[in-house]
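These notes concern the structure reproduced below.
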Amino acid sequence: MSAHVKARGEFLWFFQRVTALLLVYFLGMHIVILHFIRKGTITFASVAEKFAANPVFYKVFYFIFIPALLFHAFNGAWSVFVDYNPPEKARKITGAVFWVIGISLTVLGIIAVNSLLGGVK
Amino acid sequence: MEKTFRILRYDPEKDQEAHFQDYKVPYEKGLTVLEGLYYILENLDATLAFRSSCRAAICGSCAMHINGQYRLACRTQVSALNSDLITVRPLSHLTILKDLVVDLKPFFDNYKKIEPYLQPEKAEPAKEFTQSEKERGKIDKLVDCILCAACYGSCPVASTNPKYLGPQALVAALRFINDSRDGKTQERLAIVANDEGIFRCHTIFNCQQVCPKDIDPTNAILKLRGKSFMSKLTGKI
Amino acid sequence: MRKKNQLVKLYDDFTLNFNTGTIAWLLHRVTGVLLLVYFLMHAFVIGSAVHGHVNFDTALAKVQTPFFHILEIGLIGVIFFHLINGVRLLIIDLTGLSKAHKVLFWIFMAALVVFMAYTARMILTNVLSEAGGSLK
Ligand code: SF4
Ligand code: FES
């Protein structure tokens, strides 16, 4: 019974759903905080001011939000990609590219949030 | 009264492309789409090719796309379609051999992958394996599958990924997993719990929509996901 | 017969199985891809914060014209569809209520319409008041 057994997919499937639930909260809050409650133009100073009111909350918030979003986005894209039954080589390359972009954007996002938390210098 | 049957014709030896051809079929109460096709074959055009056998929704030979949905031609009353135009196409995702006849090999290859036969673990009893009413109840709906491939033809994932097991094979996998006589549950889960099995499904529900036996393959896939996740969590394989 | 390309296949599958499940799936996919593309642009703009507030403010000023604010209505619509359809699939995944998918689809689409009416009103009010006008 082994000819057709492939790598199991439970965890990717499960985390896609876990991150989906996380995003309902985090993305919802993100839009409400930064776009709905908006007075005038958003600037570095206006965001920094919001963040300064509750730095720990915003730090934790974005440290969970950003990785969850990137996982959900690239795992979703991967799922679309695999639907087209790509050859093994294309899978390897695309998988590696997704990981590299995903991780670098996570790092970039966290640095950006950190500099916003630092306020206008 | 007459009905127009618009049928997708394709003869690989003559035609470059598939094309529609119209036939006028006299209507009388109780006419099924399959009878309409037989009328055409016997009276209008002997070159028309289609599959059928039981004429009673048992054999699963006559699944085709009829007016907006995949159906069994033998079980579809022309009157129920509420239209004077009956458009008939073969099943999708499979190579057309001639007219409405398609090559079902990829469909059956996927079916074979899930090893569709009982594999008992317990020692063979002297007479036979018995099942309680409750045990049998667990496979009631699932054993009704007639392998008509309507679900396979309706699935957009099967369209682009021929390696995807497809709704029917996954229904069959659950049928053996749920069977009290079968002992290979974990091995069967391992066959389906990957990105060419239950995790390739995007819950589009077309298979539920078209299944002539009302089996709800989407639900079978959801159940398999729950089972495989539990087996992964508890460390069985 | 010629081999069909992927777009023709998609069109065929869509028209031959025209029901809520197919529509929801295609929209979920299209919105998902749109959001990924949007997110990459978003990261590009917000990422400029690492170069200090001057770069950030010039980048952000470019995307805060009335035109972009009105586009945001579309963006929130795309997000909300993807979100609410995802919740629908999650509910079905967890409860196994696969037969309820059509009812849930229409309920959620009604919620989408209500939510979008509210969002559009609010964003238009903001844009107008910034331009010195008002909705009333
Ligand atoms: S699950 Fe239903 S639609 Fe699919 S092959 Fe079996 S009977 Fe046909
Ligand atoms: S002819 Fe047997 S199922 Fe229709």
Side-chain angles (χ1 to χ4, degrees), chain A residues 13-14 16-21 23-25 27-28 30-32 34-48 51 62 66 69-70 72-81 83-85 98 101-102 104-121, chain C residues 6 9-10 25 28-40 42-65 69 72-73 75-76 79-80 82-91 93-94 115 118-119 122-123 125-127 129-130:
Chain A
W13 167 80
F14 181 67
Q16 189 71 358
R17 273 132 192 91
V18 172
T19 51
L21 270 184
L23 289 174
V24 171
Y25 170 74
L27 188 56
H30 175 75
I31 292 174
V32 169
L34 290 175
H35 294 267
F36 281 16
I37 311 172
R38 175 171 75 81
K39 295 223 162 48
T41 316
I42 302 172
T43 59
F44 194 99
S46 81
V47 180
F51 281 9
Y62 282 101
I66 294 171
L69 186 124
L70 280 153
H72 193 86
F74 281 102
N75 193 38
W78 175 254
S79 182
V80 176
F81 172 70
D83 272 359
Y84 290 89
N85 189 26
F98 279 9
I101 303 180
S104 15
L105 285 182
T106 309
V107 173
L108 175 72
I110 286 175
I111 297 178
V113 169
N114 262 333
S115 49
L116 282 160
L117 276 162
V120 184
K121 284 192 196 92
Chain C
Q6 297 294 359
K9 270 196 200 170
L10 184 65
W25 164 72
H28 200 74
R29 177 149 294 201
V30 170
T31 52
V33 172
L34 282 178
L35 286 174
L36 179 59
V37 172
Y38 168 79
F39 175 75
L40 293 176
H42 188 64
F44 192 71
V45 172
I46 302 301
S48 62
V50 299
H51 303 302
H53 64 98
V54 181
N55 287 42
F56 185 84
D57 287 345
T58 36
L60 228 62
K62 286 199 193 105
V63 292
Q64 291 193 83
T65 57
H69 281 314
E72 268 173 19
I73 301 175
L75 171 65
I76 291 175
I79 293 176
F80 200 72
H82 198 84
L83 183 151
I84 206 160
N85 189 52
V87 169
R88 180 181 72 106
L89 296 177
L90 201 66
I91 291 175
D93 246 359
L94 290 176
F115 178 79
Y118 170 77
T119 307
M122 193 176 52
I123 289 182
T125 315
N126 271 346
V127 170
S129 71
E130 272 155 28

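Below, chain A is the first sequence line, B the second, and so on; all start at residue 1.
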Would you mind reporting whether C:Phe80 and A:Ile31 have side-chain heavy atoms less than 4.5 Å apart? no

Taking side chain as everything from C-beta outward and backbone as N, CA, C, O, which of these in C:Leu89 sits under 4.5 Å from a heavy atom of chain A? Side chain, backbone, both or neither. neither

In this structure, OG of A:Ser115 is separated from NE2 of C:His51 (nearest 0.5 Å) by 10.0 Å

Any chance you could measure C:Leu35, atom CG, to A:His72, atom NE2, to the nearest 0.5 Å? 9.0 Å

Heavy-atom proximity to chain C below 4.5 Å, by part of A:Ile111: both

Rounded at 0.5 Å granularity, tell me how far NE2 in A:His30 sits from CD1 in C:Ile79. 8.0 Å

Looking at side-chain heavy atoms only, is the closest gap between C:Leu60 and A:Thr43 below 4.5 Å? no

Can you tell me which portion of C:His42 sits under 4.5 Å from chain A's heavy atoms? Options are side chain, backbone, both or neither. side chain

If I measure from the heavy atoms of chain C, does A:Ala20 come under 4.5 Å with its side chain, its backbone, both, or neither? neither

When the 4.5 angstrom heavy-atom criterion is applied to C:Val87 and chain A, the contacting part is side chain

All ring-ring contact (aromatic ring centres under 6.0 Å, His included) counterparts of A:Phe74, not counting sequence neighbours: A:Phe98

Measuring from C:Leu94:CG to A:Leu21:CG, what's the distance to the nearest 0.5 Å? 7.5 Å

Report the distance from atom CG of A:Leu105 to atom CZ of C:Phe39, rounding to the nearest 0.5 Å. 5.5 Å

If you look at every heavy atom in C:Ile46 and A:Ala112, which pair is closest and at what distance? O-CB, 3.9 Å

Are more than 12 heavy atoms from other residues, nucleotides or ligands located less than 6.0 Å from atom CZ of C:Phe44? no

Between C:Ile76 and chain A, with a heavy-atom cut-off of 4.5 Å, which part of the residue counts as in contact: side chain, backbone, both or neither? side chain

Please name all residues satisfying salt bridge (Lys or Arg N to Asp or Glu O under 4.0 Å) with A:Asp83, sequence neighbours left out, ordered by chain then number. B:Arg200, C:Arg29

Which bit of A:Ile66 is near chain C, if near means a heavy-atom gap under 4.5 Å: side chain, backbone, both or neither? neither

Minimum heavy-atom separation for A:Leu108 and C:Ala43, please, with both atom names. CD2-O, 4.0 Å

